[in-house]
Amino acid sequence: MTAAPVCYRAKWLVPVDQPPLEGGLLTVAAGRIVAVGENLSGQPPIDLGDAALAPGLVNAHTHLEFSDIAQPLGEAGMSFPAWIQQVVGRRLAAGELLEAQKNAAISAGIKESQTQGIAALGEITTVPYSPDMYAAADGVVSCLELIGLAPERGAELIAAAQVHLQQADANGKRAGLSPHAPYSVHRDVVSAAAQLSAASKTPLAMHLAESREELELLDRQTGPFRELLEKFGVWRDDVFAAGTRPLDYLRRLSEAQHALVIHGNYLDDEELRYVAERPTSLTLVYCPRTHQYFGHDRHPLAKLYQWGAALAIGTDSRASNPDLALWRDVRLAAATFPEIPPSDFLRMVTITPAIALGIESTYGSLTVGKAAPLVTFAVPANVTQSALPEAMLAVEPQPV
């Protein structure tokens, strides 16, 4: 964006935090929005034609380290624990080149995201890493992945989490934490990370209820995930209590500043209600094409929507998704859940994930003072306000 004021005019302006404006004007200066609905540039507006002008998208969940993968790992429909073995094997194969490989992949993922109109990302950051890996994007929220089932590793993991948050704060970067998943991190670390999130006012993200194999592990300590943990040499008989449920983790996550519950494919009704009743502290992140890749049961998105949950959409990674084009995930979600009004899907990739990630003062809507990465959607010249959301879903966004 140029430092000098520039005004854009589009067939429709879609602020997200207010109704669409026909023939809307948006004035931008020095990368920030300075006026909505009026031209303060002192020059004629730049006419974007028959287009809907909207804020840059917010991808609630990514693993950019896999952005150099040409196609998803494994095969569609494979079991989730078998896929995890592929992920671990890929990291081990990189050996001493892992950090350099990740750096190149993250750079590629940021570039791909920007070409898709994505302004901000909820990124899962794994060690080894350097903050410089994300220097090319202002909107990355780097959530440090915490992995370790052994209780005695808890202090070490939380110390690393504190350093991560402190370094980000010192460098003016956005950060959060990610106790990875029930099968990979001790429950006490989840609680400690949630408390640290609340104290530091930073977001938390955790994969939860992602597969039936995970539910079996929690409930009975049997099945493919136990076999996998034994193979990796990290199984502990004292880590899980019989009858453990995702709800036990949701209760811990709800103590965070704001927790992103990633996937939630197999939450039961009591657990879905728990999420839906806490929209200010819990956001459920659905990753449609990753969900489709594994052939999971129908996602409970419609029920969560009906019950008032905070909902967001993410791409996950190229390890389970052919690309990082977030709007394609939105389009699949809209086609899968026609009972959800088309107008609400844009919120799932703008203001709702921005709130969950703690960046709503900068991203998520066309509001004075916010950053001005913008996207356009080509729409018919005669499209009405009521038909606008559906028209936007029919096309791909283009960054301005």
Side-chain angles (χ1 to χ4, degrees), residues 58-66 87 106 109 113 118 120-127 129 134 139-148 157-158 160-161 164-165 168 173-187 189-210 214 246 249-265 267 275 278-287 290-291 304 309-317 319-321 324 326 329 348-349 352-360 363-364:
V58 180
N59 188 345
H61 180 61
T62 60
H63 297 261
L64 292 178
E65 69 174 282
F66 301 116
V87 172
I106 288 169
S113 297
I118 297 168
L121 307 101
E123 162 71 345
I124 307 301
T125 297
T126 60
V127 294
Y129 77 97
Y134 303 110
V140 172
V141 180
S142 168
C143 298
L144 182 66
E145 184 177 81
L146 307 176
I147 287 184
L157 293 173
I158 294 305
H164 178 69
L165 297 180
K173 301 295 184 181
R174 299 175 174 90
L177 303 174
S178 181
H180 177 252
Y183 54 83
S184 59
V185 66
H186 195 276
R187 59 187 179 274
V189 173
V190 178
S191 294
Q195 292 163 11
L196 181 54
S197 161
S200 60
K201 300 190 184 305
T202 52
L204 194 76
M206 185 176 187
H207 304 78
L208 187 64
E210 189 168 2
E214 178 190 317
Y249 289 87
L250 288 172
R251 287 172 174 148
R252 296 169 190 269
L253 294 175
S254 66
E255 297 185 6
Q257 169 72 11
H258 199 113
L260 293 88
V261 180
I262 311 300
H263 302 301
N265 301 328
L267 295 173
V275 172
R278 292 163 177 80
T280 60
S281 60
L282 298 173
T283 294
L284 193 291
V285 181
Y286 170 43
C287 300
T290 288
H291 187 276
L304 284 160
L311 300 172
I313 290 175
T315 59
D316 211 317
S317 77
S320 58
N321 194 334
L324 300 179
L326 178 60
D329 282 282
M348 297 183 197
V349 289
T352 301
I355 292 171
L357 291 167
I359 55 174
E360 71 274 19
Y363 299 99

Inset, instruction - Show your working on side chain to side chain contact (heavy atoms under 4.5 Å, CB included) between Ile313 and Val285 and close with a plain yes or no. - result: CA-CA 5 Å; Ile313 290 175; Val285 181; over 6 Å; no
Inset, instruction - Could you tell me whether the side chain of Leu324 reaches within less than 4.5 Å of the side chain of Leu64, counting heavy atoms only? - result: yes
Inset, instruction - Kindly indicate, with the supporting measurements, whether the criterion side chain to side chain contact (heavy atoms under 4.5 Å, CB included) is fulfilled by Leu253 and Leu204. - result: CA-CA 8 Å; Leu253 294 175; Leu204 194 76; 3.5 Å; yes
Legend entry - Minimum heavy-atom distance between Gly264 and Leu284, given as atom pair plus value: CA-CD2, 4.0 Å
Legend entry - Glu145 and its side-chain contact (heavy atoms from CB on, under 4.5 Å) partner, picked from Thr126, Val185, Val127: Thr126
Inset, instruction - Measure the shortest side-chain to side-chain distance between Pro182 and Glu214 over non-hydrogen atoms and say whether it is less than 4.5 angstrom. - result: yes
Legend entry - Rounded distance (nearest 0.5 Å) linking atom NE2 of His63 with atom SG of Cys143: 10.0 Å
Inset, instruction - Answer yes if the side chains of Arg252 and Ser191 hold a donor-acceptor pair under 3.5 Å, and no otherwise. - result: yes
Inset, instruction - Mark yes or no for whether Asn59, through its side chain, and Leu121, through its backbone, hold a donor-acceptor pair below 3.5 Å. - result: no
Inset, instruction - Report yes if some heavy atom in the side chain of Arg174 is under 4.5 Å from a heavy atom in the side chain of Val140; otherwise report no. - result: no
Legend entry - For the student: nearest non-hydrogen atoms of Ala60 and Ala312, plus distance: CB-CB, 3.8 Å
Legend entry - Donor-acceptor side-chain pairing of Tyr134 and Thr125 below 3.5 angstrom: yes
Inset, instruction - Taking the side chain as every heavy atom from C-beta outward, state whether Ile158 and Val189 have any atom pair closer than 4.5 Å. - result: yes
Legend entry - Student check: side-chain heavy atoms of Pro203 and Val141 closer than 4.5 Å: yes
Inset, instruction - Please list, chain by chain and in numerical order, all residues satisfying side-chain hydrogen bond (donor to acceptor under 3.5 Å, both in side chains) with Thr283, sequence neighbours excluded. - result: His258
Inset, instruction - Taking all heavy atoms of His164 and all of Leu144, pick out the closest pair and write down the distance. - result: CD2-CB, 3.5 Å
Legend entry - Side-chain donor-acceptor contact under 3.5 Å, Thr62 with Glu123: yes
Inset, instruction - Compare all side-chain heavy atoms of Ile262 with those of Leu208 and state whether any distance is below 4.5 angstrom. - result: no
Legend entry - Those residues that, when tested against Tyr249, pass ring pair (Phe, Tyr, Trp, His ring centres under 6.0 Å) (two or more places apart): none
Inset, instruction - Mind running side chain to side chain contact (heavy atoms under 4.5 Å, CB included) on Phe66 and Val87 for me, showing each step along the way? - result: CA-CA 9 Å; Phe66 301 116; Val87 172; 3.6 Å; yes
Inset, instruction - Measure across Ser200 and Thr202 and return the closest heavy-atom pair with its distance rounded to 0.1 Å. - result: OG-OG1, 2.7 Å
Inset, instruction - Indicate whether any N or O donor in one side chain lies under 3.5 Å from an N or O acceptor in the other, for Thr315 and Asp329. - result: no
Inset, instruction - List for me each residue that meets ring pair (Phe, Tyr, Trp, His ring centres under 6.0 Å) alongside His263, sequence neighbours excluded, and say none if there are none. - result: His61, His207
Legend entry - Results of side-chain hydrogen bond (donor to acceptor under 3.5 Å, both in side chains) for Ser317 - residues two or more places apart only: none
Legend entry - Check: Arg251 main-chain N/O paired with Ser254 side-chain donor or acceptor under 3.5 Å: yes
Legend entry - Residue that, paired with Met206, satisfies side-chain contact (heavy atoms from CB on, under 4.5 Å) out of Leu146, Leu250, Val190, Leu177: Val190
Legend entry - All side-chain hydrogen bond (donor to acceptor under 3.5 Å, both in side chains) counterparts of Ser113, not counting sequence neighbours: none
Inset, instruction - State, with a plain yes or no, whether a side-chain heavy atom of Leu326 is found less than 4.5 Å away from one of Val349. - result: yes
Legend entry - 4.5 Å side-chain heavy-atom contact, Leu357 and Tyr363: no
Legend entry - Shortest non-hydrogen separation from Ile147 to Leu157 and the atoms involved: O-CD2, 3.5 Å
Inset, instruction - Quick one: closest heavy-atom pair of Leu267 and Pro246, and the distance? - result: CD2-CB, 3.8 Å
Inset, instruction - Sequence neighbours left out, what passes side-chain hydrogen bond (donor to acceptor under 3.5 Å, both in side chains) with Ser281? Give chain and number order. - result: none
Legend entry - Donor-acceptor pair, side chain of Ser197 and main chain of Ala193, under 3.5 angstrom: no
